[in-house]
Amino acid sequence: DVKVTQSSRYLVKRTGEKVFLECVQDMDHENMFWYRQDPGLGLRLIYFSYDVKMKEKGDIPEGYSVSREKKERFSLILESASTNQTSMYLCASRPRGGGMNTEAFFGQGTRLTVV
Amino acid sequence: AQSVTQLDSQVPVFEEAPVELRCNYSSSVSVYLFWYVQYPNQGLQLLLKYLSGSTLVKGINGFEAEFNKSQTSFHLRKPSVHISDTAEYFCAVYGSGNTGKLIFGQGTTLQVKP
């Protein structure tokens, strides 16, 4: 089974802290994604990466950065956490290309609270 | 740009009743469509997907969806729901290009009452 693992289920951080959310996948997928989930807004794409060291901004990149030094690991960084970044964060991975293997696999999510 | 609209934010239904969760997408030359389910405090799990072929797609837990190109819809249905189907459901479509950027709808909360 494909496994996408997020390092923390729950995090509480203080305003202004630098926060790292880690995601690891074990299926050699090229594409990895970070989403933010808020009630009534669905999932919104923050950043995605289609290869090592490659990244593209999603719909809401402000206040976030990412790092992908190895294929299996995709990190989301909050440079200076703010209370409006309190949310559920979901990581996903997917192999490159179309065809029947186009499903994306999700981690369990990290619920981040910034106080 | 691709977009997805889920027409109902909440759908209350009694146990053993049928249910339909509605999803419309913006048209594109080729479309890959998905329904995901999220149980409380969990990540997203794939229910079913439409990539090509038959427009009626069957998924897990007795759910099915019908791809309707003329109406740009991909509604999710189940003939008889259970309490355990209470969850949030997301419709999603791949954006253009080959990066696999998934675009989600706003989500529909299915509340199954006894």
Side-chain angles (χ1 to χ4, degrees), chain A residues 1-6 8-10 21 23 25 27 29-51 54-61 68 74 88-111, chain B residues 1-11 21-25 28-54 57 59-60 87-109 111:
Chain A
D1 280 353
V2 173
K3 197 162 185 180
V4 179
T5 304
Q6 295 182 231
S8 305
R9 291 294 303 274
Y10 301 94
L21 303 184
C23 175
Q25 50 97 0
M27 282 301 291
H29 287 170
E30 289 83 7
N31 297 326
M32 295 188 74
F33 309 84
W34 275 107
Y35 288 89
R36 171 177 171 159
Q37 182 183 6
D38 299 289
L41 298 177
L43 276 73
R44 294 178 292 167
L45 183 64
I46 305 172
Y47 267 98
F48 66 101
S49 168
Y50 49 90
D51 207 341
M54 306 302 288
K55 61 186 179 185
E56 283 198 22
K57 293 179 180 179
D59 300 316
I60 53 164
R68 190 147 180 222
F74 191 37
M88 170 74 94
Y89 292 86
L90 290 162
C91 175
S93 75
R94 174 187 173 265
R96 183 178 294 154
M100 297 303 292
N101 62 345
T102 53
E103 175 185 348
F105 296 87
F106 284 81
Q108 291 291 87
T110 297
R111 188 167 293 281
Chain B
Q2 287 276 29
S3 64
V4 177
T5 302
Q6 291 182 243
L7 299 164
D8 307 293
S9 59
Q10 293 189 349
V11 174
L21 306 184
R22 298 180 292 169
C23 172
N24 286 92
Y25 64 93
S28 180
V29 175
S30 61
V31 178
Y32 297 151
L33 291 157
F34 303 81
W35 275 101
Y36 283 86
V37 60
Q38 184 181 37
Y39 298 105
N41 297 316
Q42 294 189 26
L44 272 68
Q45 177 183 358
L46 183 70
L47 264 183
L48 49 81
K49 59 186 175 184
Y50 172 79
L51 303 178
S52 64
S54 173
V57 181
I60 62 171
E88 190 154 20
Y89 293 79
F90 292 96
C91 182
V93 63
Y94 274 128
S96 57
N98 203 28
T99 55
K101 175 183 169 182
L102 260 179
I103 298 163
F104 285 86
Q106 300 88 337
T108 297
T109 301
Q111 301 162 325

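Computed from a prediction, not measured in an experiment: that's the story for all the values here. Sequence lines set the chain letters: A, B, ... in the order given, protein chains first and strands last, and positions in each chain run from 1.
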- Query: Where on Q45(B) is there a heavy atom nearer than 4.5 Å to chain A: the side chain, the backbone, both, or neither?
  - Reply: neither

- Considering only heavy atoms from C-beta outward, does the side chain of L102(B) approach that of Y35(A) to under 4.5 Å? yes

- Query: Is T108(B) reaching over with its side chain to a backbone N or O of Y89(B), donor-acceptor style, under 3.5 angstrom?
  - Reply: no

- Message: Counting only non-hydrogen atoms closer than 4.5 Å, does D59(A) touch chain B with its backbone (N, CA, C, O), its side chain (CB onward), both, or neither?
- Response: side chain

- Item | Interface moiety of Q38(B) toward chain A, non-hydrogen atoms closer than 4.5 Å | side chain

- Item | By ring-ring contact (aromatic ring centres under 6.0 Å, His included) - contacts of F34(B) (at least two apart) | Y94(B)

- Does any heavy atom of chain B fall under 4.5 Å from the side chain of L45(A), the backbone, both, or neither of them? side chain

- Query: Of the backbone (N, CA, C, O) and the side chain (C-beta and beyond), which part of Y89(A) lies under 4.5 Å from a heavy atom of chain B, both, or neither?
  - Reply: neither

- Message: Measuring only between side-chain heavy atoms, which start at C-beta, is E30(A) closer than 4.5 Å to Y50(A)?
- Response: no

- Message: For the NZ atom of K55(A) and the CE atom of M32(A), what is their distance to the nearest 0.5 Å?
- Response: 15.0 Å

- Query: In terms of heavy-atom proximity below 4.5 Å to chain B, should R9(A) be classed as side chain, backbone, both, or neither?
  - Reply: side chain

